[in-house]
Amino acid sequence: MKLFIDTAIVDEIREVNDMGVICGVTTNPSLIAKSGRKFEDVVKEITTIVDGPISAEVTAKDPDEMVEQAKPLAALHKNIIIKIPFNKEGLIACKKMTALGIKTNVTLIFSAAQALLAAKAGATYVSPFLGRLDDIGTDGMNLIEEIVDVFDADPAIETEIIAASVRNPIHVIQAARLGCDIATVPYKVIMQMLNHPLTVNGIAQFDKDWATVPKD
Ligand code: E4P
């Protein structure tokens, strides 16, 4: 399973990219707002950091307007993926963008039925939001499992699944075990994935013992 980072903070992206663990970035309007910067400026800067798919979301409501909003974004860099919120208009826009050779990530997916429709409309990626389902007392991981099964059962589907709205390292590992293609992971969760107290204690013990080894 590939790992993307889910943030629009370029310092976080740079730090995690330097660790060699991510190969893509997802943003959304809320994450862009949190960065406090202009949308195009952030997206352009991200393309200079990560050489992989970078999702930038359109906000127009009409399919043709979504396509017009997508064109200059897609022209910024070959790695830009246009994120489209799931609904009927989004599917129409997805079909149109696919015909124009623009790659898409259909987002805000909360059912396998929605994921299947997005795949049929030509989506390059679908983003099921597992954490937001957990938040309302539903098992978000069931959704990931269902979509993996549905896509695996249809060899014509090439759409990749991005496990999104990831809240903790367990989400990442469970998604990987289910055969999900990608997890997009917030910076905080990537930092949590680094940690194990036995690793910290182990390094401290090695350092302590090494200090007692005769050096000459
Ligand atoms: C993914 O593409 C979304 O930007 C993101 O995962 C949403 O996560 P949230 O539910 O934590 O806002």
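Counting starts at 1 for both ligands and their atoms, following the listed order.
- Between the side chains of T27 and E57, no donor-acceptor pair of N or O atoms lies under 3.5 Å.
- To the nearest 0.5 angstrom, I81 atom CD1 is 6.0 Å from S55 atom OG.
- I9 and F39 end up in different hydrophobic clusters when Ile, Leu, Val, Met, Phe, Trp and Tyr side chains are linked at under 4.5 Å.
- The shortest contact between atom 11 (O) of ligand 1 and any protein heavy atom is with R167 NH1, 2.8 Å.
- Shortest contact from atom 7 (C) of ligand 1 to any protein heavy atom: F129 CE2, 3.6 Å.
- Of the protein's non-hydrogen atoms, R132 NH2, 2.8 Å is the one closest to atom 12 (O) of ligand 1.
- Side-chain contact, E146 with N142: no donor N or O sits under 3.5 Å from an acceptor N or O.
- Scanning the protein heavy atoms around atom 8 (O) of ligand 1, the nearest turns out to be S165 CA, 3.4 Å.
- Protein heavy atom closest to atom 5 (C) of ligand 1, with residue, atom name and distance, is D6 OD2, 2.9 Å.
- With hydrogens left out, the protein atom closest to atom 4 (O) of ligand 1 is N28 ND2, 2.6 Å, a heavy atom.
- Using modelled atom types, one finds a donor on one side chain and an acceptor on the other under 3.5 Å when comparing T184 with T26.
- Ligand 1 has an N or O atom lying under 3.5 Å from an N or O atom of K83, backbone or side chain.
- L130 CG to F110 CZ: the interatomic distance, rounded to the nearest 0.5 Å, is 10.0 Å.
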